[in-house]
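Bear in mind that the values here come from a model prediction, so they are computed numbers and not experimental data.
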Amino acid sequence: MPLSTMRKNFYRIATLIIDHGADAMRCLLDHFIQNKYKVSFQDFVSNHQHEIYHQFDNAICCQCSRNYQRPYKPVISIWQMEKLFDKKGQKLPCHKQSSKCEYCCSKVKSTLQIQHLDITFLKFFLITYFKDEFWQSCLINGISCHDFLDKNKHDIFHLLNLNTSCCLCINHPGYTILVASEKERLNRSNWEAMFHTAELPCNQHKTFYPNTYTMNPCYVSAIKGIQHSNLNISVQMTLLSKFCDLMKYFDLLVNARNKVFAHTTKGELSDEDFRQVWNEIENSIVYISKTTGTDIIQTRRILELRREPLEESTCLEIQCLILRQMQEDEQIIRECHQIQGTVKLMKEDIAVKLQQIELQIVDFKSFLRYNIQRELSEQLGEYSAITRNLIDNSGREIKFHNNDKTYVKTSAVIAAIEVLDRENMLILIGRAGSGKSSAALEIASIFQNKGYIVMNLEQHLAKDFKTYFLSTNKQFIILEDLFGKSHISYNEDIHSHLLDAVRPHVTSGQSKFIITLRSNKLEDFDKIVTNHQLLSEASIININGNFSLSTLEKKAMLINHSNHHGHFRSRKAKMLEDVEIQNIIKTNPYLGFPEACRLFCSFETFFAMGHKFFTSPTKELQSEIRRLKRSGYDKTDAALQYCVLVSLMLDRACEGSFGRSKGIITREHYESFTDHKNVNTSVIVYLYQSLFNKEITVTTYDVLEMCEEVSDKYIKIDITSNIYVFQHHTVFHAVLSSYWDIPTMEDVIQVSSVNKLAEYVRPYDVPDDDERQYLIVPQSKCSYLAQKLFNAFLTNYFGALKFKTIVENSQFTLILLNQIITDWYAIKLNVLNCDWSIINTFIRPSQFIIQNDKIVTHTHEIWLIQRLINEILKPKADNLWAIYRYIEGYGCDEFVKDFNEKLSETFQSEEIVVSCSWHLINLFIYPTRFKMKNAVIGTPMNDTSLIERLINEIVKPKADNLWAVQRSVVNYGCEQFVKDFNEKLSESFQSEKNVLMCSWHLINLFIYPTAFKIKNGVIGVKTNDTWLIQRLINEILKPTGDNLWSVHRYIEDYGCDELVKDFNEKFEESFQSDETKDSYSWHLINVFIYPAAFKMTKAVIGIRTNDSSLIQILINEIVKSKGDNLLSVQLYIEDYGCDEFVKGFNDKLAEWFHTRDALLSSSLNLISVCVRPSSFKIQNGKIGITTNNSWLIQRFLTESVTSHADKLIALRSYITKYGCEEFVMDFNTELAKSFQTEETVVNGVWDWIHHFVRPTTSKIRKNELVTHTKNSWLIQRLINEISKPKPANLWAVHRYIEDYGCTEFIEDFNRQLSEVFQSEKTVENCSWHLINLFIYPIAFKIRHGAIGIYINDSWLIQRFINEIIKPKADKIWAVRNYIAKKGCEKFVKDFNDKLSELFQSEGTVLNCSWYLINLFIYPVAFEIKNADIGIHTNDRWLIQRLIKEIVKPKADNLLSVQRYIKDYGCEKFVKDFNDKLAERF
């Protein structure tokens, strides 16, 4: 009775899991065992017998030591133990007869192979012993565990709080909460073991600090230096199951096995379930196989399984196998990770990695500076002339800043540098005059010295960021006052585009970015940060908040400014030395302390006010400017000075030239300055006459003299543009305020830019702002303001956000502005010609209800619809989605109806249908029979025209929208539409040319062979099989061969036996030419070509070819230099080659290796697979040839120059496996010749010495691959290895001497090492690990035959001191442990004395590392006993150091500092600490 399709599906899936799935997992397990332990599976089980046994029985056994921790719960069943151990055989020597368990101390079965394990048992071994390997697949590209946890912090948080939203969810609206079960839930201790480093909170939590702050994801980041091994096993397994792709596919394969047949009730599977499960299992197997490099083979075997017919006998065999497995205990192994006993084997690769730590910092500053300058000069040539000019200007700004004698480096700058060393973006927040710009230039100066190209982009330049930026170079970009200088605001059109352009370079680039933000209130920034993810992710330095100036910094600034302004220095110095200085540094002026200091020291009147000036410096400056204006009525010089300031103010207000905007013509004898062109004598005369109602004649030199009079106080020369500018924007504000009057107000409004109006001006009815003193526009002048805003609106609608800030809360001005806009858009031509963005932002259909506080207007709906139609008909039509959302959001049903009717009229023209964009069709056009509901946007159109347009879209050469067209037809087309579409498509494929020229993806989606049955409603057409076959042939013969497997699946899915036969015949014709064969890719051979003797069943896709040609292709593939496909060629021959074919391949391979040169030039991989020594017997049907032994040995010895440990282990394994006793002797003889001179030993590669060379007294076992060499040479080689600046093999050398050196050898080694350490300089410069392993203090007793030497204690102590005072000081714990273990009481005392000498100054205490303080320094009152390591230091200095540690931005050591004070501080020390902390806050 034939099998049903559903039962065949079941048996195919079962075979896929049992054979191929389990095989992939066996390869993975074997791969991990070989990489980590380098033993067979049987040896691996034997080495772990004790731990495996306790996974079956957790009672005490014969091998258990007192402290051995057994698993809480066994997870291995008895039938699994039977597979591994021989319970009736001989027991281990330690076995006690009293033991009741029959498996206790049992030995591994001699017949055990990895093939005996099923999927369940394979899972146990993989997750129990190879968690580290799964972690390695997560922590790729150098990512640390700390970075991995931070990257996935949000998801991990939702493993703690299941199905509960958090503040990060609010900030990321598109986020989907991770799905997890109660069993996978983490607890609080799990969370805090990973995340306990304090962070700045998010916006929702900035003012809320509950005691459980660590339970909010925004408050914390991962603990620095955390490793996955620090986490408990259950947490590790939960994280791996959620975030490790290898573990996910691994679990999916196991779950599929349980779902399909382990827990099934019926041996059948529907077609739909079959396809779904098959794809999941196939993807899992292929992904797992990629780790072991067997993915290509697995893919081919899976393909064969799917296409081969299932015989009934085969199905019966599968059924028996399934039944056997289902009878065994299928207990799920969930708690394998609870194994506590771990075997700590000291493997060479681990030792190598442990030694690869940076051990010494060498000063290359001068060399680096030269290279940086040379590299920068080369990079500058890559920029445009405009950008180079911008870079030069930025460089001059930095140079000017570096020469500023008044500047003081603050804690904010130090913190910012620390942030930018690890991140790429920083936001500096501070009020005007607080020192943001100076801080940004100081940071830029430091990074310029590190090789960064600096660009300072002010707000008007930032929008052209892409013009200036080159991603290939390291750049330091300052985006100064990006969101405005007074009223900060976020413009979606401007700022979003800029931040989108910047973001890729922040997340993965090499450049650094600083955004400065002028803000008086943190709430301003909170509003900004929510607009873009880049801002919410950036670190923040708030100069107004956490990083406000300390009293010491304020004092330094005040003194610097007083020293710089020396024209009344003596008086200032006397004053600053009085009590007044303390009163000044206690103030916190609104203007900003640095700028207030400058003004205070620049004006004698301000200075005379003392600390009172700092309470209101802005008002005092405004009063000073007004006094200057008033004195101008009596004093001409004062009037001209005031006019100079007003001229500069008006130029800045209009962001151009006030003189040009007013049409003031320069008279011939009133020339502009030749040096400073922005002060014009004609403008000065105009202002003088209008302000003071007097006539005057002014020369250029008069104005120049006036400029010099007000320089340093109010204005300065800008070094980049060589023009006069204000000292600070507060001076500009003060001049504007003095000029703002009823007669001059209209002038200011008309000439000023909207940016400046938004910054300084508000209508009369806007509520007062206590922190901002705006200039008020009275009601009589609001019409001028509204007209000004409208004029700007027409030329720059992006300024609309600025308009909003001006008229916000001013109902009167808003009504005026909206009325002007309404009048303008009451004209049809203005609506039709305006920009789409204006429509989108400010214009609404007449039925839409407008809120009172919005800048927006209605317009005629017919004109508006016409404008929308015009927009979507544009060739590019970039705004289609925006228009769709516009209609959806603002249009009523009637509006949508009118739009659809107008759109329908437009699409009566065939020309428009043909020329419009595809996305327009996709969004707005439907087939005639599609049922459109009310308010659905779009119109039906003639099916014939629509089908023609769809056909044109998919037959394009690139045809980017094939999938979209298919979805559109499926979603909107009825059965008749699909039928018409197919008929029209069929017409296009009535010629051979069209079939041959169309894209492959079009064929794959829409074209079928003639015998394929296309169901009703299915999209696609049939075409001539001959043309189709030729098209498939052309596709697979392309050089790239990208679609080989896709073509194979196409034929398999849609081709009948006849088509497969015709394809094979046609392909065979193409393959007849020897010249053509040589150009075919290996992957084409692998998928479609078989040897002549291979038996091809019916409907198998592919052809057989001449064996000699095929063998030549295979030979050419494996002898390539890289040999990437060596393994797949080997498997190809094993799968498809008969004995005769293999013999022919071997004969051809022997011809290749018939010369010595061919063998010597071949890769070791090729030799290990295909070449054997002459005495080795190669069985029939096995791949391989024998070759001359001397050539082979010579080839192996050539590796002695470059080989690493992994290749040498493979080489040793090869000789052990294939070499006879004579071959081993010959190899050792040649090996001995290579090491018979001092030069070859002393200069030899360490790994060869380690694996193949032994001291003369070391005993060599029979057939061991080693040779002796002279001890003195060998000792010199070992000394050279450990004396390297960065010795990678210290542990390996130590073990080598222990394993192979006799007592005499060790004594000779110690003697020679002692000779090396005869100078203090040698001790100072050697690696720390060398000291730790080989060097001892004089009083330490080195036992006879032990490795190590004594050296002078004073040198050794100095070396320890140098090690612990390094900036990073990563060996502090190791130094302390060394002294504790090896130092006698006198040594400890000498060390403490030396350390105490170092800590006699406050600077040393304040600047040393925290870990040095924590381990070696104690308060004065703490009792240090004899032989205790550590010293006392001044309590005041120590308390200052502790405060400094806890106020750092991230403050990683808060808990550590708290414990330090609790452990070592007396009551007085704690009181003094609290008092100092109170001062800080």
Side-chain angles (χ1 to χ4, degrees), residues 831-841 843-848 859-956 958-974 976-978 980-981 984-985 1019:
V831 177
L832 295 181
N833 292 332
C834 79
D835 193 279
W836 154 248
S837 295
I838 292 180
I839 298 283
N840 196 24
T841 310
I843 300 180
R844 300 291 177 262
S846 57
Q847 301 298 319
F848 184 76
T859 191
H860 200 290
E861 289 192 352
I862 294 176
W863 305 344
L864 181 58
I865 288 171
Q866 185 59 54
R867 179 66 187 83
L868 299 179
I869 297 292
N870 294 346
E871 188 66 29
I872 67 176
L873 291 178
K874 287 181 179 178
K876 288 192 175 180
D878 298 326
N879 299 311
L880 284 169
W881 271 108
I883 291 170
Y884 191 94
R885 287 194 297 270
Y886 178 94
I887 299 170
E888 198 173 40
Y890 306 127
C892 62
D893 289 356
E894 188 64 28
F895 183 87
V896 173
K897 181 174 178 291
D898 293 343
F899 173 83
N900 289 346
E901 288 175 356
K902 187 68 178 176
L903 187 65
S904 181
E905 290 175 17
T906 304
F907 275 86
Q908 296 305 310
S909 163
E910 186 174 349
E911 182 182 350
I912 290 178
V913 176
V914 172
S915 62
C916 72
S917 80
W918 153 250
H919 299 290
L920 170 58
I921 298 287
N922 200 24
L923 270 178
F924 292 97
I925 308 300
Y926 302 93
T928 307
R929 296 180 181 83
F930 181 75
K931 189 175 181 181
M932 295 182 64
K933 299 177 181 178
N934 288 340
V936 170
I937 306 165
T939 182
M941 69 174 289
N942 181 280
D943 283 359
T944 304
S945 302
L946 180 57
I947 288 170
E948 184 67 38
R949 180 67 182 79
L950 298 178
I951 298 294
N952 292 343
E953 190 64 35
I954 65 175
V955 297
K956 287 179 180 178
K958 288 194 175 180
D960 298 327
N961 298 311
L962 280 167
W963 281 103
V965 170
Q966 187 191 45
R967 283 195 302 272
S968 178
V969 176
V970 169
N971 292 339
Y972 308 125
C974 63
Q976 183 59 40
F977 183 86
V978 173
D980 295 342
F981 174 85
K984 189 67 179 177
L985 183 64
I1019 308 164

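Closest approach of P940 to P927, counting heavy atoms only: CB-O, 3.6 Å. Listed here is the closest heavy atom pair of E861 and S846: OE2-OG, 3.0 Å. Pairing each heavy atom of I912 with each of L873, the nearest pair is CG2-CD2, 3.9 Å.
Side chain of N971 to backbone of R967: a donor-acceptor contact under 3.5 angstrom is found. Checking side-chain atoms of S904 against main-chain N and O of N900 turns up no donor-acceptor pair under 3.5 Å. A side-chain donor-acceptor contact under 3.5 Å links R867 to the backbone of C834.
Crowding of I862 atom CD1: a count of heavy atoms from other residues, nucleotides or ligands under 6.0 Å not exceeding 12.
Each side chain to side chain donor-acceptor pair (under 3.5 Å) pair with one or both residues in residues 945-954, not counting sequence neighbours, appears once here: E948-K984, R949-E953, E953-K956, E953-N961.
For the side-chain hydrogen bond (donor to acceptor under 3.5 Å, both in side chains) test, residues two or more places apart in sequence or in another chain that qualify with D980 are Q976. Remark: F977 engages no residue in a ring-ring contact (aromatic ring centres under 6.0 Å, His included) (not counting sequence neighbours).
Side-chain atoms of M941 and Y926, non-hydrogen and from C-beta on, never get closer than 4.5 Å to each other. The side-chain heavy atoms of S909 and E911, taken from C-beta on, include a pair separated by under 4.5 Å. Annotation: side chain of S968 is not in contact with side chain of W963 (no heavy-atom distance under 4.5 Å). Inter-residue side-chain proximity for T939 and F899 is flagged as unmet; no heavy-atom pair is nearer than 4.5 Å. Contact annotation: the side chain of F895 never approaches that of Q847 to less than 4.5 Å [non-hydrogen atoms, C-beta and beyond]. Residues V831 and I843 are not in side-chain contact: their nearest non-hydrogen atoms beyond the backbone lie 4.5 Å or more apart.
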Candidate pair I954 and L985, rule side-chain contact (heavy atoms from CB on, under 4.5 Å), full reasoning: CA-CA 10 Å; I954 65 175; L985 183 64; 3.7 Å; yes
Test log, rule side-chain contact (heavy atoms from CB on, under 4.5 Å), inputs I883 and W836: CA-CA 9 Å; I883 291 170; W836 154 248; 3.7 Å; yes
Chi angles and distances behind the side-chain contact (heavy atoms from CB on, under 4.5 Å) call for L832, Q866: CA-CA 7 Å; L832 295 181; Q866 185 59 54; 3.9 Å; yes
Worked verdict on F907 versus N942 for side-chain contact (heavy atoms from CB on, under 4.5 Å): CA-CA 9 Å; F907 275 86; N942 181 280; over 6 Å; no
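With hydrogens and angles left out, the side-chain atoms of D943 and T928 include a donor and acceptor closer than 3.5 Å.
F924 CZ to S917 OG: the interatomic distance, rounded to the nearest 0.5 Å, is 9.5 Å. Atoms CD1 and CG, on I838 and N833 in that order, are 11.0 Å from each other to the nearest 0.5 Å. Note that the CD1 atom of I921 and the NE2 atom of H919 stand 11.5 Å from one another [nearest 0.5 Å]. Atoms NZ and CD, from K897 and E901 in turn, are 4.0 Å apart once rounded to the nearest 0.5 Å. For the atom pair L920 CG and E871 CD, the distance stands at 11.5 Å (nearest 0.5 Å). Here the CD1-CG distance, from I872 to L880, works out to 6.5 Å after rounding to the nearest 0.5 Å.
Between Y886 and Y890, the ring planes lie perpendicular to each other; the angle is over 60°, past the 30° to 60° tilted range.
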